[in-house]
Amino acid sequence: MMDPTCVYLSWSLLAVAVIPGSLGEMYTSLLNVKQAISVEQKLIDYLRIYIDHESERLEDIKRFYDKVSDLHTELYKGPAAAMANPLAAFTLIKRLHSEWQNVVNSNEALENSQALRSSYKAEEDDLPTLEDLQGAAKGLMRLQDVYALQVASLVRGRFQRVTDGRPTDVYLSTVSVPLSGDDCFLVGKVAYEQEDYYHSVQWLEESVRLFRGTGGEWSPENEGTLEDALDHLAFSHFKTGNVSYALSLSQELLHHDPMNGRVLQNIEKYEKLLVSSPPISMIVDGLKRPTSNHLRTRDTYERLCQTQGSKQPMQFKNPKLFCDYFTNGNPQLLLLPVRREVLSLQPYVVVYHNFITDTEAEDIKRTSHPGLKRSVVAAGEKQATAEYRISKSAWLKGSAHSTVGKLDHKISMLTGLNVKHPYGEYLQVVNYGIGGHYEPHFDHATSPSSPVFKLKTGNRVATFMIYLSSVEAGGSTAFIYANFSVPVMEKAAIFWWNLHRNGQGDADTLHAGCPVLIGDKWVANKWIHEHGQEFQHRCSLNPEE
């Protein structure tokens, strides 16, 4: 296998960007992205003030230019005659001595730009960090993978995948946001810095194409250039084994930067590789997506996400699955029963339609805003953030008179379970971020050291999940081994048992929150524990059940 050190790349190209101390918060919740709109509105206002001041300054300069030009067009046609007039001679000397100097050395431009910088700095704490930018880029790549989206379509602002050799719309958005060459460069660069050349090749190809389309012209808002994109793309192709294309791109880069010694050395190395018999590892049949070591159920997970929540046909043929008006034998539900839909018997999963009202959902979301923090997962006895869960969450305590308390009471009526703390955890409200998701996981603890046991009320016997919002596309809840997915249904709730009656975890409850493609997904989770349910959810006489 070729030693990559044979290719001379500068440290600046290979170095991974250092993430600043402040953690990325914006990309993990769409609520923060919405709040960022007001920040940019302030920046737009600051920029308008700057433009106005600069326009006034330029008008003054244009006035000075017109005055001097007119003098040279009219008064100075005959220099000798003009200089015979002492007033003309004096004003000429004065202009050359001080007026030109005042115009050329004016600090007004600097003062205007400094005022803009100061205004920008005042908003700096509310601006996205490098981690936010990287997280948003990873979110786009996640959507690309899970929903099999074409990068070329994403760049045009479309969400399409190839079906039977033809591009088809996964979702037709009412808002089309095309990407620039610099946008694509930054996504490709994030992949490149993670040595993810499968993604970097695709995004940098689009970046190069778009930069070429502008003739390589640079814009002040851009971070990357055509040369930057070519440089990263050439090495990405080299790493995927496409040495001939890496050579071609390097030669194009050399055309723009003929004195670049590093590129000259790379070209020489690539030419030697192509002359010699290439190793088998360098021969590839197209660009292939790497396998996943941590997500063994990736294919099933992504297939279920791509169904956009539609269930498998076999479910509709099962006569034991049904819909009804459900009271659970509770007198308080007799006059207003809940619409129940049984989705699965193993594991037992039901949907309660119209469980929550619009007013209650908005109240829960609004109440959660101050407490939203980056969602965590169990990491041994502790909890930590993880790439496989991108969202923010808050825990809400409820009183009998609050919306949370009313929901607890309704959950208890429907399930017949004791949901009061500590037998039921506090209500967890979750808002998903850009491409927000939660890869396949169990709600119940699978290790004795899990933080779930800190309440000392046993394992999580059941999950009650409420949809507080709808989404336009994506975001389904996929049950991996049970082989079905549930779409986001606004105001509905899903209930399932996590444990068998003997207390063992039900492996068929492995589930995932699919990435949100379009929309702002909010859910509320109520996890109910074993203890406190002794007379509500009795054990079976059969230890195997």
Side-chain angles (χ1 to χ4, degrees), residues 139 141-149 159 161 170-171 289 291-292 294-316 318 321 341-353 375 377 386-391 393 428 430-444 446 460 462-490 492-498 505-525 527:
M141 290 184 275
R142 184 181 310 120
L143 294 173
Q144 169 197 343
D145 288 346
V146 173
Y147 296 107
L149 302 176
F159 298 90
R161 73 166 66 104
V170 173
Y171 177 78
R289 184 181 172 191
T291 57
S292 173
H294 77 280
L295 186 55
R296 297 170 189 251
T297 59
R298 184 176 76 178
D299 292 345
T300 302
Y301 163 59
E302 293 181 354
R303 174 177 56 78
L304 291 172
C305 289
Q306 289 172 20
T307 61
Q308 298 290 293
S310 62
K311 298 177 282 293
Q312 302 304 308
M314 285 301 294
Q315 287 192 274
F316 298 108
N318 188 340
L321 301 179
E341 180 182 359
V342 179
L343 300 180
S344 172
L345 298 176
Q346 180 49 43
Y348 180 77
V349 181
V350 297
V351 171
Y352 298 111
H353 294 276
S375 297
V377 298
E387 283 295 313
Y388 62 83
R389 188 183 188 189
I390 299 298
S391 62
S393 54
Q428 185 195 58
V430 183
N431 180 223
Y432 287 83
I434 300 171
H437 71 142
Y438 195 171
E439 286 183 357
H441 63 283
F442 294 107
D443 280 357
H444 62 272
T446 56
R460 289 172 173 170
T463 294
F464 199 97
M465 185 174 73
I466 309 165
Y467 288 125
L468 301 175
S469 68
S470 61
V471 298
E472 285 77 14
S476 303
T477 302
F479 287 84
I480 309 305
Y481 295 140
N483 199 33
F484 72 95
S485 57
V486 185
V488 176
M489 295 174 282
E490 189 175 17
I494 309 177
F495 173 77
W496 68 86
W497 296 107
N498 293 307
D506 187 346
D508 288 333
T509 62
L510 183 73
H511 64 286
C514 296
V516 180
L517 184 58
I518 303 288
D520 186 8
K521 181 182 175 183
W522 288 80
V523 301
N525 297 308
W527 287 300

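- Around the OH atom of Tyr481, the shell of radius 6.0 Å holds no more than 12 heavy atoms that belong to other residues, nucleotides or ligands.
- Proximity of Tyr388 to Val377: side-chain heavy atoms (C-beta onward) are separated by under 4.5 Å at one or more points.
- Remark: side-chain polar atoms of Arg142 are paired, donor with acceptor, to backbone N or O of Gly435 under 3.5 angstrom.
- Atom CH2 of Trp522 and atom CG of Asn431 lie 4.0 Å apart (nearest 0.5 Å).
- In this structure, CG on Leu143 lies 9.5 Å from CD1 on Ile434, to the nearest 0.5 angstrom.
- Salt-bridge check for Arg289 with Glu302: passed, with a basic side-chain N closer than 4.0 Å to an acidic carboxylate O.
- Residue Tyr147 comes nearest to Cys305 through the heavy atom pair CE2-O, 3.5 Å, listed as atom of the first residue, atom of the second, then distance.
- Between the CZ atom of Arg161 and the CD atom of Gln144 there is a distance of 12.5 Å, given to the nearest 0.5 Å.
- Annotation: the span from Ile466 atom CD1 to Asn525 atom CG amounts to 8.5 Å, rounded to 0.5 Å.
- Val488 and Ser470 get closest at one heavy-atom pair: CG1-CA, 4.0 Å.
- Listed for the His437 side chain is no donor-acceptor partner under 3.5 Å among the backbone atoms of Gly139.
- Atoms CG and CG, from Asn498 and Asp508 in turn, are 12.0 Å apart once rounded to the nearest 0.5 Å.
- For Thr297 (side chain) and Thr300 (main-chain N/O), no donor-acceptor pair under 3.5 Å exists by modelled atom type.
- Under the 3.5 Å distance criterion, with hydrogens and angles disregarded, no donor-acceptor pair is assigned to the side chains of Ser485 and Ser476.
- For the atom pair Asp506 CG and His444 NE2, the distance stands at 7.5 Å (nearest 0.5 Å).
- Between Phe495 and Tyr352, the ring planes are tilted. Angles from 30° to 60° get that label.
- For the pair Met489 and Val351, the minimum side-chain heavy-atom distance is below 4.5 Å.
- Considering only heavy atoms from C-beta on, Asp299 stays 4.5 Å or farther from Tyr301 through its side chain.
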Does Tyr348 form a side chain to side chain contact (heavy atoms under 4.5 Å, CB included) with Leu343? I'd like the steps, not just the answer.
CA-CA 8 Å; Tyr348 180 77; Leu343 300 180; over 6 Å; no

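- Put simply, the side chain of Leu345 reaches to within 4.5 Å of the side chain of Leu321, judged on heavy atoms.
- Between Ala507 and Phe442, the shortest heavy-atom distance links the atoms O-CE2, 3.3 Å.
- If you look at Trp496 and His511, their ring centroids are closer than 6.0 Å.
- Remark: the backbone N or O of Tyr432 is not paired with any side-chain donor or acceptor of Lys521 at under 3.5 angstrom.
- A donor-acceptor distance shorter than 3.5 angstrom exists from the side chain of His441 to the backbone of Glu439, with no hydrogens or angles considered.
- Residues Leu517 and Val170 form a side-chain contact, since some pair of their non-hydrogen atoms from C-beta on lies under 4.5 Å apart.
- A donor-acceptor distance shorter than 3.5 angstrom exists from the side chain of Arg460 to the backbone of Asp443, with no hydrogens or angles considered.
- Side-chain contact between Val486 and Ile494 is present, with heavy atoms from C-beta onward closer than 4.5 Å.
- Between the side chains of Ser469 and Asp520, no donor N or O sits under 3.5 Å from an acceptor N or O.
- What you find for Ile480 and Ala512 is that their closest heavy atoms are CD1-CB, 4.5 Å.
- Under a 3.5 Å cut-off, the side chain of Gln306 and the backbone N or O of Val146 do form a donor-acceptor pair.
- Between Val349 and Phe484 the shortest side-chain heavy-atom distance falls below 4.5 Å.
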